[in-house]
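Only this structure's heavy atoms are used, side chains among them; waters, hydrogens and symmetry mates stay out. All figures in this text were calculated on a predicted structure; none of them were measured in a lab. Each chain gets a letter, A, B and so on, in the order the sequences are listed, and its residues count up from 1.
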2 protein chains.
Amino acid sequence: VKPELLPLDAAVGLLDAAVRRLDAEQIPLPEAGGRILANDIRALVPIPAEDRAAIDGFAVRAEASLGAGPYNPLALPLVAIAAGSAMPRGADAVIPLAAAEPNGPDLIAVVEPLAPGTHLERRGAVAATGALIAKAGTRLAVRHVGLIAAAGFEAVPMVRRPRVAMLLVGPRTPPLTADSNNPMLQIAVARDGGLIAGVATIPGVRSSVGAALAAAAVDIVLVVGGSGPGRDDNAAAALGETGDIIFHGVALCPGETAGFGHTANGVPVVLLPGTPAACLWSYELIAGRAIRRLAGRDPALPYRSRAVTVARKIVSAIGVTEICPILLGPDDTIEPLPGFAEIGLTAATAAAGFVLIPEAREGYPPGAVVTAYFYDDV
Amino acid sequence: VKPELLPLDAAVGLLDAAVRRLDAEQIPLPEAGGRILANDIRALVPIPAEDRAAIDGFAVRAEASLGAGPYNPLALPLVAIAAGSAMPRGADAVIPLAAAEPNGPDLIAVVEPLAPGTHLERRGAVAATGALIAKAGTRLAVRHVGLIAAAGFEAVPMVRRPRVAMLLVGPRTPPLTADSNNPMLQIAVARDGGLIAGVATIPGVRSSVGAALAAAAVDIVLVVGGSGPGRDDNAAAALGETGDIIFHGVALCPGETAGFGHTANGVPVVLLPGTPAACLWSYELIAGRAIRRLAGRDPALPYRSRAVTVARKIVSAIGVTEICPILLGPDDTIEPLPGFAEIGLTAATAAAGFVLIPEAREGYPPGAVVTAYFYDDV
C-alpha cells in the first residue's frame, strides 16, 4: 500500500464507525415495500380476529346436526359461506359444498353430524395479540404485508430514507462532454434506499465547495470531482478547512482519490473521484455503503456473490484492492475481461460480474477459488 | 386434476399468449433505473468524445519533449490535468505527476522524451458512434448508466409501466377485519414494475363488478374476491357476461379459484381469490406474471431458485400444484414447514422460501433433488 493510501478495509472500518442507521418514521403500509422495519411488529389484534370458515361451504350450528345420517337427513338453514369469511353469529362449523344438498332456496339437507369447530379457523389461531409478526431490520417484502395488515397495522415504523445532496464540482476547464456521474449516482442512490434531496453543480474552487458543504442540511453529501491530487483537490481542501477529513486516499483501483469526513455541522461527506469508473467504484464500496447503513440495509455490496474457480490468470497490482471485471464460463469458472483502465465503463456493461483482488495479492492463478459478485440485473 | 380445474402450466400458457410487452416511452435517464430498455441503445457520439488524460499529470505536446534527458531537462509549459479531463488543444501526451518537476509557477522540467498518445485515452477508444451500448430488454442498472450518458443520451426509451386497476369485491356480509390484500397487492405490483392507477371497493353483485370492468381504462385489472364457487362467483359471472373468460379455476393450492379474461374493451383481467394466502399465490404465479410481461421483465417468479435436497418428506395432494413453505438446513437441504392451509400467511413469513410441487406428484421423499425458491429479502 502506498504510504498515503488507506487500505480499503480500514477505510470501511472508519466509515462504519461514523455512520449509523437513521431514525424511524411512520409510513402507510402500501408504500413501505422494500424499506426496513425500524421496530419489531407485534400483533395489535389476534389473527384471525374472529372465527372464520376454512373452506367454501355452509355455516351451521354443529349441535343442530346431531343425529343426522344418510337415512335421517336434517334440514338446516342455508347459509353459504366463502373460505376466509367470518362465521355468522351462532354458527360453529362449516359443511363442505359437496357434503350437503340445497333443499329449496333456504334450507340444506345435512346427512352427517359435525363436531363444533369443523372446517373453522379459530380466532387467534395464526397469531395471538402481542405475537411477533416481523422483526426490526426486516426488509419489507410482499410476503410480510398481508400478515402485518391482519395484525392491525395501517402504517408501520420504517427507517427514514437518507436524504442525499450531490455536489458536482466543476473542473477548472469546462468539460466537452456530458456528465455521466450525475445520472449514474441518482440511480445508485435510489437503488440503495436514498432520496436525492438536491443536485448542484459548483465551480471547482475551495470557497464555493466550502460554502456548499456548510449549507448542506441533509443526511449525507456526495461531492463528485475535485478529489484528485495536486491542484485538483479543491473538494478535499474545502472539506478539511470547513469540517474534518477522516480519510482521503484509499488503496482502491479504480477509486484511489475517494475520501470521507464531516461538515462543520456533522453531516457525513463522501468525496468521489470525477472519472466515471473511479466514481462508480468509490460509490459502490464507500458512498453506497454509507447510504445503505443510514437506510438500515445490509451495507455489503448489493450484488449476489458466490465461490467460483479462476480459469485464466487474473493479474493485479500489489498494494491496492483492484476491481477485475469477469465473464462466467462453464462449471462456475470465471475469466478476467480487460479492466476499467483499458476500456472504461465498458468493463462494467460487458461483464457478468467482478472480483475484488485484495491489496496483499498480485492476482490469482488458474484453479484458485475466489468470491465473485454477479450483476444478475434481470 | 379435478375436471373443472386447469393445470397451472396450461393456465400460464394461455396467459402468456394473451399478454404482450407494452410500448415504449422516453424517460429521463436518472429516473430509468430498474426499468426495461425498449430498444437497443447505440452511441450518438464517440466515447470518449475527445482525447482525454488517462492519468493525473501534465499535458504536453510530445514533439516538444524530443531530446529531453536526465542531463538535458527541457522546460515546458505547466498544464496540470486530471485523469478523465479533455486534453487542451495542441497537447497529445500526459507526463505523470511523479515524472516531472515543477520549475517555477508556469513551467515543468521534463527529463525524458514522450511518444504522442502517451497516457491518453483517444476519442472513440471505448466506443465509436453507432456502437451497441445496451440491448433492448436490458434492465437498467447502475453499471449501464454512465456509458449511456457518455453515449449522448439524456433520456432513454423504456417499456411503459403497466397501469393497474384494483377492484376489491366486497363480500355479501361486511368483513370484521381489515383487508390485507390491498396493501399486499400494492407492494407486489410496485415490485413487478406496475403503477397502481386506482383502487376501488365495490359491492359483491354482478352489475357493480360488470360496470367497474366496463369502465376500466388501464393496462390490466386485478379483481380481488368474488372468484369463489357457488353464490360467491360474482366477479367471474360479471366478467363472463361483459367480456370473456379464458380460464377460471386453476389446479393451484392455495389459489384454486383464480381466473383470467378480458373486458369488452380487451383489457386483461385477472380474478384473484379473496382469501389472503390464495390471493398471494395466484398473484405471484398468474397476475404478477401478467404484470411482469407487460412491463417487459422476466415473467418468472421474482425469487432466486436453486437445486436443493429434501431432508424430510414433503407431502402434497396429487392433481394440484401445491406451494410448500420450507426451511433451509445444512448442506443445502430443506424441510417442509406447516403449509398455508394450517398457518395462513405465517407460512410465508416464517419460511426461507418455497417449493412448487407439480400436479403429477404426491410430494417428495427424503433425498429427492428439487428446485427451491428463496426469499432473500435482505
Side-chain angles (χ1 to χ4, degrees), chain A residues 29-30 32-33 47-50 56 80 82-86 88 97 126-127 133-134 138-139 141-147 149-150 152 154 171 173 175-184 186-188 190-191 228-232 274-276 280 298 343-346 348-349 375 377-378, chain B residues 29-30 32-33 47-50 56 80 82-86 88 97 126-127 133-134 138-139 141-147 149-150 152 154 171 173 175-184 186-188 190-191 228-232 274-276 280 298 343-346 348-349 375 377-378:
Chain A
L29 189 51
I47 305 174
E50 68 287 310
D56 297 316
S85 296
L97 289 179
V126 169
I133 299 296
T138 298
R139 186 159 178 193
V142 172
R143 67 196 179 100
H144 305 110
V145 180
L147 208 60
E154 294 187 358
T173 49
L176 302 181
T177 44
D179 172 44
S180 61
N181 293 326
N182 176 8
M184 180 185 79
Q186 289 200 43
I187 286 180
R191 178 200 67 190
R231 292 194 175 192
D232 195 40
T275 318
L280 170 61
D298 181 347
I343 58 170
L345 287 178
T346 311
T349 58
Y375 290 123
D377 307 307
V378 178
Chain B
L29 189 51
I47 305 175
E50 68 288 307
D56 297 316
S85 296
L97 289 179
V126 169
I133 300 296
T138 298
R139 185 159 178 196
V142 172
R143 67 195 179 101
H144 304 111
V145 181
L147 208 60
E154 294 187 358
T173 48
L176 300 180
T177 44
D179 172 43
S180 61
N181 293 326
N182 176 8
M184 182 186 78
Q186 290 200 43
I187 286 179
R191 179 200 67 190
R231 293 195 176 193
D232 193 40
T275 318
L280 170 61
D298 180 348
I343 59 171
L345 287 178
T346 311
T349 59
Y375 291 123
D377 307 307
V378 178

Can you name the nearest heavy-atom pair linking [X] to [Y], along with the distance?
{"X": "A:V145", "Y": "B:I187", "result": "CG2-CD1, 3.5 Å"}
{"X": "A:H144", "Y": "B:T349", "result": "CA-CG2, 3.9 Å"}
{"X": "B:S180", "Y": "A:A150", "result": "CB-N, 4.1 Å"}

Exercise. B:L280 versus chain A, heavy atoms under 4.5 Å apart: side chain, backbone, both or neither?
Worked result: side chain

How many angstroms lie between atom [atom1] of [X] and atom [atom2] of [Y], to the nearest 0.5 angstrom?
{"X": "A:Q186", "Y": "B:L29", "atom1": "CD", "atom2": "CG", "value": "9.0 Å"}
{"X": "A:T346", "Y": "B:R143", "atom1": "OG1", "atom2": "CZ", "value": "11.5 Å"}
{"X": "B:T275", "Y": "A:D56", "atom1": "OG1", "atom2": "CG", "value": "7.0 Å"}

Exercise. What part of A:A188 lies closer than 4.5 angstrom to a heavy atom of chain B: side chain, backbone, both or neither?
Worked result: both

Problem set entry | Heavy-atom pair count under 4.5 Å with chain B, highest-scoring of A:P276, A:P183, A:G33, A:P88 |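 Looking at each of A:P276, A:P183, A:G33, A:P88 in turn, A:P183 comes out on top.
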
